[in-house]
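Structure record follows, encoded as structure tokens.
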Amino acid sequence: MNLAYDVVVVGGGHAGTEAAAAAARLGARTLLITPDLSRIGEMSCNPAIGGVAKGVVAREVDALGGVMGRATDAARIQFRMLNRSKGPAVWGPRAQCDRRLYPAAVRRILDELGSLDLFQEMVADLLVDGGRVVGVRTRGGIEVCAASVVVTTGTFLRGRIHVGGDTGVDAGRAGEAPSVELAEGLEGLGLEVARFKTGTPPRVDGRTVDYARLERQDGDAHPARFASYVQEVIPEQRPCWITWAGEDLKNVVRENLGRSALYGGSISGRGPRYCPSIEDKVVRFPEAPRHQVFLEPEGLHTSELYVNGLSTSLPADVQLAFLRTLPGMEEVWMTKVGYAIEYDYFPPHQLRHTLELKEVPGLFFAGQINGTTGYEEAAGQGLVAGANAALRAKREPPFVLERDQAYIGVLIDDLVTRGVDEPYRLFTSRAEFRLLLRQDNTPRRLGPLAAARGLLTPEQAEVLEERLKEEDRVKAWFEETAISPESADPVLRVAGSSPIQEPTRAVELLRRPGITGEALARAGKMPEGGSLDGVLAAVEVDLKYEGYVERERERARHLRDQHDFKLPEGVPYREFVTLSFESREKLEKVRPESLAQAGRIPGVSPADLQNLMMEVRKWRRERSA
Amino acid sequence: MTLETIAAVATAPGEGAVALVRISGPDALAVLESLLPQGTPTPAVRVATRLSLLDPVSGSPLDTAVVTRFAAPASYTGEDVVELSVHGGWITPPLVLEACLRAGCREAEAGEFTRRAYLNGKLDLVQAEAVADVIGARNRALHAAALSQVERGLSRRIGDLRERLVGVEALLVHHLDFPEEDDPPVPLSRIVAEAAGLESDMEILLRTAPEGELLRDGAVAVLAGAPNAGKSSLYNALVGEERAIVTEEPGTTRDALEARVQLGGFPFRLVDTAGLREAEGKVEEMGIEVSRRYLSGADVILFCEDVGEPTPEGARAFLKDLDGTPVVRVSTKVDLGADSSPEGDAAGGWSCAVGVSVVSGEGLDVLRARMAELVFGGLVGVGGSVPVLTRARHSVGVRSALAEVRSFREELEGGVPVEIAATRLHSAKTALEEVLGLVTMDDVLDVVFKEFCVGK
């Protein structure tokens, strides 16, 4: 059996599904191949989507027409807006999801796409012709030709699971075979490969937990949606539960440290600092009196709980022992054992901003294979890789998001420019324009870009247009409507703001501290119309903090100027003697596409940047002469 | 690799016992070896070795030199360096340099060794600039300030301020990026207090700037007073006694006499406007011979009076327009009069008063000390505990960082959301980094992960 497609996507996780969906939305004939079709869109670790920065990415993926936002809404059993007590630029929507509903929704959304086929097989090798990738070969010997191939293998490349201090078991995920032939095939292309580790905590049976002794955490009273274009049906809601790991647990961990795969020396890969195992927490912060443990529901139709905060590579008996030290869990039964997993990744400086390999035309990588962690980070990369894979097949210009346009842009630029030395996760502090990259304005920021490139379905594009019109209307209302003192003063009094003497424009009142758009809209009797979810929030922040937002836009424009100074492929960095030795080496390794990107390489100083600009100008002159 | 090896005579030209020829770059050792007789063992690193130098082409002897090798990166420039201590004079050093150039390096441009040291991360921008100031200093105070800068005094202080900014950012990052963690949220009051502490330390540093910058240019001391009040004699006395380190620069001022002098270890540009008598500067109704232009640019004014002929009250009216410029009441010719201690209270518009005699030399030391104290008193006061900002570039950077931190704190106190006010901190950090010419790197997360237990 021989097949031919425009785009083949290897892997069906969060990166793979977004890649396949994006390629299909762009009209490319797309095939998604994965070893187990029943596990498409699987949540391998915690049953939640979003969080600070990550929630913005989920919304960005949605605004670009992607799958994640809709699947999250359809599977959501609790919603919380993190950081709500802080400023709106750092709000982070997060949803607990039903572990079975989520993949089901992903599968349903993929099935809506006409030009996408799914196929169950493990890919064993790439078809290579003259240095370019032209397709894949499965373990069963089936060859699939394709103009572009997107590889999204997650933790499966030479995956090795560790529970306790033994030598580990080869696996891509608990109970699933790793991908070894493909890892060898990729290495055979001359790519640099390295190893990371990550971990997952044990799961427990909720029927053996004494909830009365736990702290209950409910979702927000007024939950928001992740998806902007399609209204999914939202399931029933469930609480999470909080307990605390104290001295007893720390003692169990301490006594058994030697049996941990991490501390016993069987793991060499580097793990993420922001997601430390319980072993790490106990060793690195011995003074901390206690550590928070979240018990998250795995779904509506199961009593199983995910024990967030206790990721570990200790043996099963130790895991059970430390779980039973937790208040309310003295009798607990462990349903699944936590483990650490090591896997191959390919240091991402080998990629272009399109996520195509610099040295291997036609081959794209997305997700953990690039050294990232997180469903959202994977989805964002998948969408960009899939879109570019399709655009390459169609011989159209690439689709690249910039740092001032999206967290996805920050993520990919960080990967390509700075590389990674631990599994990469997004934080708001990684973005220099976080006031621009908010969770409330994703349709305005990204919708038109996506629509212009054909990344939205006609239905999505129509909803977008409606929504942007609505935002304009609400914005105009704030700018044009004067509110009388009688209507405004109650609102002002509540916020401790001084009263007004004469009718004042709503936008001016909005800029006062503590005054919300919602209160003014009520006081000024803003016509309701078909007001869409989240429209007011998007308009409010832009108006309220206009001065600050404008300052960031100004900085972003400045960066754009540097961005527009392109560094052509053949620039001989090693010959530029006015630059420090270190920067020449770094520039040679990264081969940045613009002056702005060069400036973000660690080790390249502002002085080097100045000299680089002059050297490149000189080099161009000499070359054209 | 096409990085060139450079060479230059590092000492000033002319007759001297010893001159230093410095070679830096990947071929430094090769250049040295081509000057040595065949079979000479390679000299050890960091050991002064006496060696014969030959012309690489003709083989004729050049000199006997003491040679010191440094291996990259442990050298001034961070590259391989060879230093040849040869005989001084007009012939040997250029001859040796020429031989080096023939052996395959090029002549260094002015400042190129230091530039390479900067580019290779051996010095930051403040240090690199200070090297030039140590060499070019013509007064002890600038020399001391610059030397402390070379030894990282100022860089460390600015680096500390930057570290503390990173610390505040880390508190914010923990506050913003890691809700629901083990550590309780950082109270805003702690962040406000840290910002206020940073502000006051930046202010202390900035206080050195006006005087520090004068260390490089020299403080302008203008002599004023009635005709024949003894201005020119005093000028000559102050200049003359310091002849050894005075540069008269007649070409630089067309309308007044100006000399650079070191008084009490500090640099002054002494200006005598006596020559303006006919041309302009005579403020008729006051009988004061001085150009207003000079007065407005003065850092200190020496108001001269003949001890026998006190200036009428009305003639001092101009002192009120001086906007804080210190004025020393100088009674000249005290050797001729009885009263040698004139009154110099603030009510009269004086900063202090000194009686001098250019004939006996009486009072001149006191006058010098008073001038140094009035202009550079702040620097004397901090007594080396605070590094001195000697360039406008330094104070511009620190001042803009201060303004940003202040706005940050005020906005935070005024209820502006944290992440919005935080944009100020980024600008403040950039301003300090620009002073140091630093690589900008996001090391905030490193601090967060060290300080807080993050991860659920």
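None of these values were measured; they are calculated from a predicted model. Proteins come first, then strands; the chains are lettered A, B, ... in the order of their sequence lines, and each starts at number 1.
- Across all their heavy atoms, R434(A) and T428(A) have their closest contact at NH1-OG1, 3.1 Å.
- Scanning for side-chain contact (heavy atoms from CB on, under 4.5 Å) contacts around P73(B) gives an empty result, with sequence neighbours left out.
- Of the residues considered (R116(B), H175(B), H426(B), E79(B)), H175(B) shows the highest number of contacts with chain A, using heavy-atom pairs under 4.5 Å.
- Look at E585(A) and R574(A) and you find a salt bridge, because one of the NZ, NE, NH1 or NH2 atoms lies within 4.0 Å of a carboxylate O, short of that distance.
- Neither the backbone nor the side chain of E287(A) has a heavy atom closer than 4.5 Å to any heavy atom of chain B.
- For P88(A), the parts lying near chain B are the backbone and the side chain together; criterion is any non-hydrogen pair under 4.5 Å.
- For R80(A), the part lying under 4.5 angstrom from a heavy atom of chain B is the side chain only.
- Heavy-atom proximity under 4.5 angstrom to chain A picks out E404(B) from residues 401-409 of chain B.
- In plain terms, the two heavy atoms of K122(B) and S75(B) that are nearest each other are CE-O, 2.9 Å.
- A salt bridge links R424(B) with E411(B): at least one charged nitrogen is closer than 4.0 Å to a carboxylate oxygen.
- Taking E432(A), E552(A), K544(A), R551(A) one by one and counting their heavy-atom pairs under 4.5 Å with chain B, the maximum is reached by R551(A).
- Cation-pi check for R438(A) over W91(A) is not met; the charged atom does not lie both under 6.0 angstrom from the ring centroid and within 45 degrees of its normal.
- When the salt bridge (charged side-chain N to carboxylate O under 4.0 Å, His left out) test is applied to D414(A), the partners found at least two apart in sequence or on another chain are R403(A), R418(A).
- By the salt bridge (charged side-chain N to carboxylate O under 4.0 Å, His left out) test, D218(A) is found to be paired with R216(A), residues two or more places apart in sequence or in another chain being considered.
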